[in-house]
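First the structure, in the form of structure tokens, and then the observations on it.
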Amino acid sequence: MKIIHTADLHLGQIIYQNYERSDEHKHFFDQLKHWCKEEKPDALVVSGDVFDIQQPSASTKMAFNEQIVKLRRECPEMKIVVTAGNHDSASRLQAEHSIWALSGMHLVGTSPSVESNEGWEEDYIVRLDNGYIIAMPYMIGERKEQLQYILNKVAEENTEDKPVVMMGHTAVTGMDANGHNFDIGKLKTQDVDSLGEGYDYLALGHIHMPQTIGHKDDGMKEEVQYKAPVIRYSGSALHVSCDEAYPHTVSLVDIDKHGGNVNIKQLRINELRHFYILPTDGSSFTSAEDAIEGVKEFAEKQQSGYFRLKVNYNVSLPSNFNQMVYDILSAYNDEIRFNPKVIWEGEPAATESTIKRPTFDVADLQQMTDPIEFIKKVDIPNLNMSLDELREAFEEVSEEIKRISEEAEKKSNKKKSSTNENTEA
Ligand SMILES: [Mn+2]
């Protein structure tokens, strides 16, 4: 059984408050299509975070639909299995499940509810001629029993020892969360044991760096082979931030039989726009003028790409500095893209006699999604909770909010569809 495993497409992402990336995503899909045609996998699996936001724009959805249709046309034999991640609206994806089923794509949005009726597992099992895919989306909380139940169901049926792939969208213990400093606090890390046993390959999404759990040293090897079971993050389709300074790949996975060998080949994604830190020689700018000069040179030379500046801590940038940069870049039609979050080099450690300067700027704050990260940086006096307790409290609240808003959405969808059949989905 051969699959292509990818995840975290984040379609519709607007990066650095300014730039949309549809051409970069199109470039990714062109490569994906090429690989699917060449390698003829039995299935393409996308393990969550298809879209970057819960309600992607019409053009983002259209682009996704067109790409899937193209994949179907070019590789009619290949199954496509797509599951929701934490960025996706589970119920919105689920709403389109049956339409996509008609065209051979298995789309799973919502996770099984805790008190599911018998037979619930059928919505999550995709049967191929030569294997099984258990398509689990992002799930809140630990679901060991449910996962083990569905794995057992497949095991009962799998008398011919066909390979079993399970999908998931979660952070597991032992992963390397490089580049996720602002993001990772949203999910509890799950112990691998809590995901059940019985799969040969666990196709994970959520962490953007390609990696196989327990095989850190093999990170960038082009081809490896392990004994099943193997747990792997394919990594995201594109760099989602400047901090993700590593190659991005999709995983071509070949499994000979249940409990057999898992062969993984990394197919390197060529990105339309690359990420740079200026100056490119690793030093830092020592004046605002130098930095502006550096930006001009870079734009002139590269003509395309993302960049961030590294500036010596003693330099004070003028208040209109960002505007000066944007003015230079206006000649490049958004091909040269600026991340205003400066890397300060040589920042002195705070001493008791100096007033503690916040270690982030406005751009940082706008990208911060983890409240704990914020609290750590501002040093709240008389905080009577440990950071762990605080994190747990935040997680509880945010899971509750998510649950309530999903429910409200479900209700309003029901209402809409019963009162007005013409409303656009
Ligand atoms: Mn995610």
Side-chain angles (χ1 to χ4, degrees), residues 5-15 21 24-25 28 44-56 60-61 64 81-94 107-111 134-143 147 166-192 194-195 202-213 231-244 246 248-251 269 367-373 391 394-395 398-399 401-403 405-406 409:
H5 169 203
T6 184
D8 298 275
L9 310 184
H10 292 270
L11 302 179
Q13 189 196 15
I14 305 289
I15 194 165
R21 313 185 72 185
E24 294 173 73
H25 280 115
F28 164 76
L44 166 69
V45 308
V46 183
S47 302
D49 286 354
V50 181
F51 297 110
D52 193 56
I53 53 171
Q54 304 246 324
Q55 295 202 43
T60 300
K61 287 198 72 178
F64 171 71
V81 188
V82 178
T83 53
N86 57 315
H87 278 250
D88 298 303
S89 160
S91 50
R92 274 168 199 277
L93 286 196
Q94 191 64 39
L107 178 64
V108 177
T110 47
S111 57
I134 302 175
M136 303 314 286
Y138 168 69
M139 296 195 280
I140 293 168
E142 217 185 85
R143 304 286 192 96
L147 293 174
M166 185 161 90
M167 296 162 73
H169 192 91
T170 186
V172 301
T173 314
M175 91 259 146
D176 185 347
N178 200 341
H180 277 271
N181 304 342
F182 291 100
D183 216 40
I184 199 67
K186 282 193 291 193
L187 258 197
K188 260 181 217 161
T189 307
Q190 272 190 301
D191 202 73
V192 165
S194 72
L195 301 171
L202 184 57
L204 290 177
H206 191 53
I207 303 300
H208 294 167
M209 183 160 95
Q211 58 189 291
T212 303
I213 301 300
I231 300 166
R232 180 167 170 83
Y233 288 99
S234 63
S236 57
L238 307 179
H239 281 69
V240 178
S241 81
C242 276
D243 299 326
E244 298 179 20
Y246 38 78
H248 289 240
T249 62
V250 305
S251 302
I269 300 161
Q367 287 179 40
M368 234 181 244
T369 52
D370 180 2
I372 304 294
E373 208 57 47
R391 180 181 295 284
F394 268 117
E395 269 167 13
S398 77
E399 284 179 7
I401 290 172
K402 188 166 169 151
R403 194 187 60 77
S405 67
E406 291 258 357
E409 199 181 298

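For the single chain, residues carry numbers from 1 onward in sequence order. Numbering of ligands and ligand atoms starts at 1, following listing order.
Considering every non-hydrogen atom in both Leu107 and Gln94, the closest pair reads O-OE1, 4.4 Å.
If you look at His169 and ask which of its N, O or S atoms sits nearest the Mn ion (ligand 1), the answer is NE2. In terms of distance to the Mn ion (ligand 1), the nearest N, O or S atom of His206 is named ND1.
Residue Asn86: an N/O/S atom is found under 2.8 Å from the Mn ion (ligand 1). Taking 2.8 Å as the threshold, His87 does not count as a candidate ligand of the Mn ion (ligand 1), since none of its N, O or S atoms lies below it. Among the atoms of Asp49, an N, O or S atom falls under 2.8 Å from the Mn ion (ligand 1).
Side chain of Asp52 to backbone of Ile14: no donor-acceptor contact under 3.5 angstrom is found. Although no hydrogens or angles enter the test, the distance criterion places no donor-acceptor pair under 3.5 Å between the side chain of Ser194 and the main chain of Gln190.
Taking the ring centroids of His87 and His206, they lie at or beyond the 6.0 Å cut-off.
Residues His10 and Ser236 bring no donor and acceptor atom of their side chains to less than 3.5 Å of each other.
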